[in-house]
Amino acid sequence: MSKVAIVTGGTRGIGATIAKALLAEGYKVAVNYAGNSDAAAAFTKETGIPAYKWSVADYDACAEGIAKVEADLGPIDILVNNAGITRDAMFHKITPTQWKEVIDTNLSGVFNMTHPIWSGMRDRKFGRIINISSINGQKGQMGQANYSAAKAGDIGFTKALAQEGAFKGITVNAICPGYIATDMVMAVPEKVRESIISQIPVGRLGEPEEIARCVVFLASDDAGFITGSTMTANGGQYMAS
Ligand code: CAA
Ligand code: NAP
């Protein structure tokens, strides 16, 4: 029987490409999104993958949404925590709201999605949790104290939970993409974006497919011995030890 995968923030950008790649591998796939219903409808029309609307920043909404997905598709075997936002500002200009929105979505969102799914994975003695962190959680980024803190937190969460999951057949891994050509990066002012690309040794932005292939591998049975790892895919921009 096909395994069931859910990708948060799976209607656009990297998440949409991950969802399509998992579908192509034979998984039953669901995606979630926050509010852009037009993008979600277009995604479902193109792929046939059902899209469910709730915010990963809301614990109760996650528990309710996950229950609906499991009623529709079956118990979730693979969770890809991909939903994320930016609220970039230099620290002297950042507002408490910009801090909180990013922490609530990019860090607490990972807790909110994983916690309701965890017990079922433990009972079934199988699970794959893949957290989409970022190069900027590894190296820090000016203008992103909020985002870098949340994404670094995702790596710590991954390492701690991997230890709890290992003896229950659950792997927990993080992927740290570098700058990938999606709406998120296109929102960076052009002059700054050009300066960022000049710092990438391969000389270009990454493609969402290059991250999706990492997810497909970490979700597979071949990756059963890999847990607590941080996989970097950043065109050589930062080489973490
Ligand atoms: N790399 C290099 N230089 C950067 C930079 C970056 N990522 N971010 C800002 N700077 C530089 C600017 O070029 C500018 O330099 P000059 O003074 O020499 O012109 C200086 O820092 C100040 O920047 P701004 O003039 O733009 O200041 P601002 O207050 O108007 O805006 C900002 C600040 C909102 C942070 C804006 O600079 C910005 O959006 N920077 C991009 C930050 C960034 O890298 N975000 C990543 C978004 S994509 C993502 O997050 C995905 C992922 O995981 C990789
Ligand atoms: P994107 O194009 O902006 O797409 C973001 C997706 O997340 C959308 O589907 C969006 O839904 C959803 N989302 C946002 N907030 C949500 C919430 N509270 N609840 C549920 N869904 C929510 O972003 P992306 O570039 O593909 O990035 C995907 C992930 O990769 C993020 O975690 C990001 O931090 C990380 N990442 C990106 C890059 C990069 O260069 N692009 C690099 C490293 C890491 P709506 O359409 O409804 O808004």
Side-chain angles (χ1 to χ4, degrees), residues 6-19 31-44 49 51-59 61-62 65 80-94 98 100-110 112-113 130-148 150-155 174-200 204-212 214-215 231-235 237-238:
I6 181 166
V7 183
T8 66
T11 51
R12 292 193 288 120
I14 295 171
T17 307
I18 292 170
V31 297
N32 134 286
Y33 67 103
N36 186 337
S37 298
D38 289 346
F43 172 82
T44 298
I49 296 172
Y52 298 79
K53 179 177 161 182
W54 74 81
S55 173
V56 298
D58 179 338
Y59 182 89
C62 289
V80 184
N81 282 310
N82 166 81
I85 58 170
T86 53
R87 297 287 183 267
D88 293 355
M90 293 299 194
F91 191 66
H92 59 283
K93 294 185 192 166
I94 201 168
Q98 287 173 317
K100 188 171 170 357
E101 285 179 352
V102 169
I103 299 296
D104 286 355
T105 304
N106 297 9
L107 179 56
S108 299
V110 172
N112 295 341
M113 281 299 299
I130 301 162
N131 298 320
I132 308 299
S133 176
S134 165
I135 183 175
N136 292 343
Q138 296 175 296
K139 73 172 185 60
Q141 173 57 52
M142 67 160 125
Q144 289 201 306
N146 49 2
Y147 185 91
S148 297
K151 293 295 185 178
D154 291 336
I155 295 171
I175 297 174
C176 286
Y179 284 75
I180 309 298
T182 69
D183 294 345
M184 186 177 274
V185 166
M186 293 312 155
V188 171
E190 193 177 352
K191 185 186 74 130
V192 178
R193 196 167 62 244
E194 291 306 321
S195 144
I196 291 167
I197 293 171
S198 73
Q199 298 161 32
I200 304 174
R204 63 171 175 86
L205 295 173
E207 294 297 332
E209 288 76 8
E210 293 176 304
I211 305 308
C214 298
V215 172
M231 184 182 280
T232 67
N234 63 28
Q237 190 182 351
Y238 182 70

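Source: prediction; values computed, not measured. Residues: numbered from 1 along the sequence shown. One-based numbering, in listed order, for ligands and for the atoms of each.
- Atom CD of residue E101 and atom CZ of residue R87 lie 4.5 Å apart, to the nearest 0.5 angstrom.
- Considering V56, V110, V80, I132 as possible partners of T8, the one that fulfils the side chain to side chain contact (heavy atoms under 4.5 Å, CB included) test is V56.
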Please report, to 0.1 Å, the donor-acceptor pairs under 3.5 Å made by any side chain of residues 32-40, with sequence neighbours excluded.
{"from": "N32", "atom 1": "OD1", "to": "G9", "atom 2": "N", "distance (Å)": "3.2"}
{"from": "N32", "atom 1": "ND2", "to": "W54", "atom 2": "O", "distance (Å)": "2.9"}
{"from": "N36", "atom 1": "OD1", "to": "D38", "atom 2": "N", "distance (Å)": "3.4"}
{"from": "N36", "atom 1": "OD1", "to": "A39", "atom 2": "N", "distance (Å)": "3.0"}

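- Near Q199, meaning under 4.0 Å from one of its heavy atoms, ligand 1 places the atoms 1 (N), 2 (C).
- Nearest protein heavy-atom neighbour of atom 11 (C) of ligand 1: M142 CE, 4.1 Å.
- With ligand atoms numbered from 1 in the order given, ligand 1 contributes 35 (C) to contacts under 4.0 Å with heavy atoms of G143.
- The shortest side-chain heavy-atom distance between C176 and I155 falls under the 4.5 Å cut-off.
- Residue, atom and distance of the protein heavy atom nearest to atom 38 (C) of ligand 1 are P189 CD, 4.0 Å.
- If you look at A187 next to ligand 1, there are no close heavy atoms at all, none under 4.0 Å.
- For ligand 1, the atoms sitting less than 4.0 Å from at least one non-hydrogen atom of I196 are 1 (N), 6 (C), 7 (N), 44 (O), numbered in the order shown with element in parentheses.
- Listed by number with element, the atoms of ligand 1 under 4.0 angstrom from any heavy atom of T86 are 50 (O).
- Using a 4.0 Å threshold on non-hydrogen atoms, atom 18 (O) of ligand 1 does not count as touching the protein.
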Applying side chain to side chain contact (heavy atoms under 4.5 Å, CB included) to S195 and Q199, what does each step give before you reach the verdict?
CA-CA 7 Å; S195 144; Q199 298 161 32; 3.5 Å; yes
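- If you check which protein heavy atom lies closest to atom 45 (N) of ligand 1, you get D88 OD2, 2.7 Å.
- Checking side-chain atoms of T182 against main-chain N and O of M184 turns up a donor-acceptor pair under 3.5 Å.
- Heavy-atom contacts of S134 reach the following atoms of ligand 1: 52 (C), 53 (O), 54 (C) (cutoff under 4.0 Å).
- Using a 4.5 Å heavy-atom cutoff, the side chains of V102 and I85 are in contact.
- Rounded to the nearest 0.5 angstrom, Y179 OH and I196 CD1 are separated by 4.0 Å.
- Ligand-side atoms of ligand 1 in range of V185: 48 (S), range being under 4.0 angstrom from any heavy atom.
- Residue contact annotation: K191 has a non-hydrogen atom under 4.0 Å from ligand 1.
- Here the heavy atom of the protein found nearest to atom 22 (C) of ligand 1 is M90 CE, 3.5 Å.
- Selection from Q144, R87, K93 by nearest heavy atom to atom 50 (O) of ligand 1 gives Q144.
- Under the 4.0 Å criterion applied to side-chain N and carboxylate O atoms, R204 and E194 are not assigned as salt-bridge partners.
- Atom 25 (O) of ligand 1 is never approached by the protein to below 4.0 angstrom, counting heavy atoms only.
- For the atom pair OG of S148 and CD of Q138, the computed distance is 10.5 Å after rounding to the nearest 0.5 Å.
- Of all protein heavy atoms, the one lying nearest to atom 51 (C) of ligand 1 is Y147 OH, 3.5 Å.
- The shortest side-chain heavy-atom distance between I6 and V31 does not fall under the 4.5 Å cut-off.
- Checked by atom type and distance alone, the side chain of T105 never pairs as donor or acceptor with a backbone atom of G84 at under 3.5 Å.
- Proximity of atom 53 (O) of ligand 1 to the protein is indicated by at least one non-hydrogen atom lying closer than 4.0 angstrom.
- The protein atom (non-hydrogen) at minimum distance from atom 12 (C) of ligand 1 is V192 CG2, 4.0 Å.
- For atom 48 (S) of ligand 1, the nearest protein heavy atom is under 4.0 Å away.
- Between N81 and N131, the side chains place a donor N or O and an acceptor N or O closer than 3.5 Å (distance only, hydrogens not considered).
- Within ligand 1, the atoms closer than 4.0 Å to a non-hydrogen atom of N136 are 54 (C), numbered from 1 in the order shown.
- Protein heavy atoms are absent from the space less than 4.0 angstrom from atom 31 (O) of ligand 1.
- When only non-hydrogen protein atoms are considered, atom 44 (O) of ligand 1 lies nearest to Y179 OH, 2.9 Å.
- With respect to atom 6 (C) of ligand 1, the closest heavy atom belonging to the protein is Q141 NE2, 3.3 Å.
- With ligand atoms numbered from 1 in the order given, ligand 1 contributes 2 (C), 3 (N) to contacts under 4.0 Å with heavy atoms of S195.
- Near ligand 2, residues G9, T11, R12, G13, I14, N32, Y33, A34, G35, N36, W54, S55, V56, N82, A83, G84, I85, T105, I132, S133, S134, Y147, K151, P177, G178, Y179, I180, T182, M184, V185 each place a heavy atom inside the 4.0 Å sphere around the ligand atoms.
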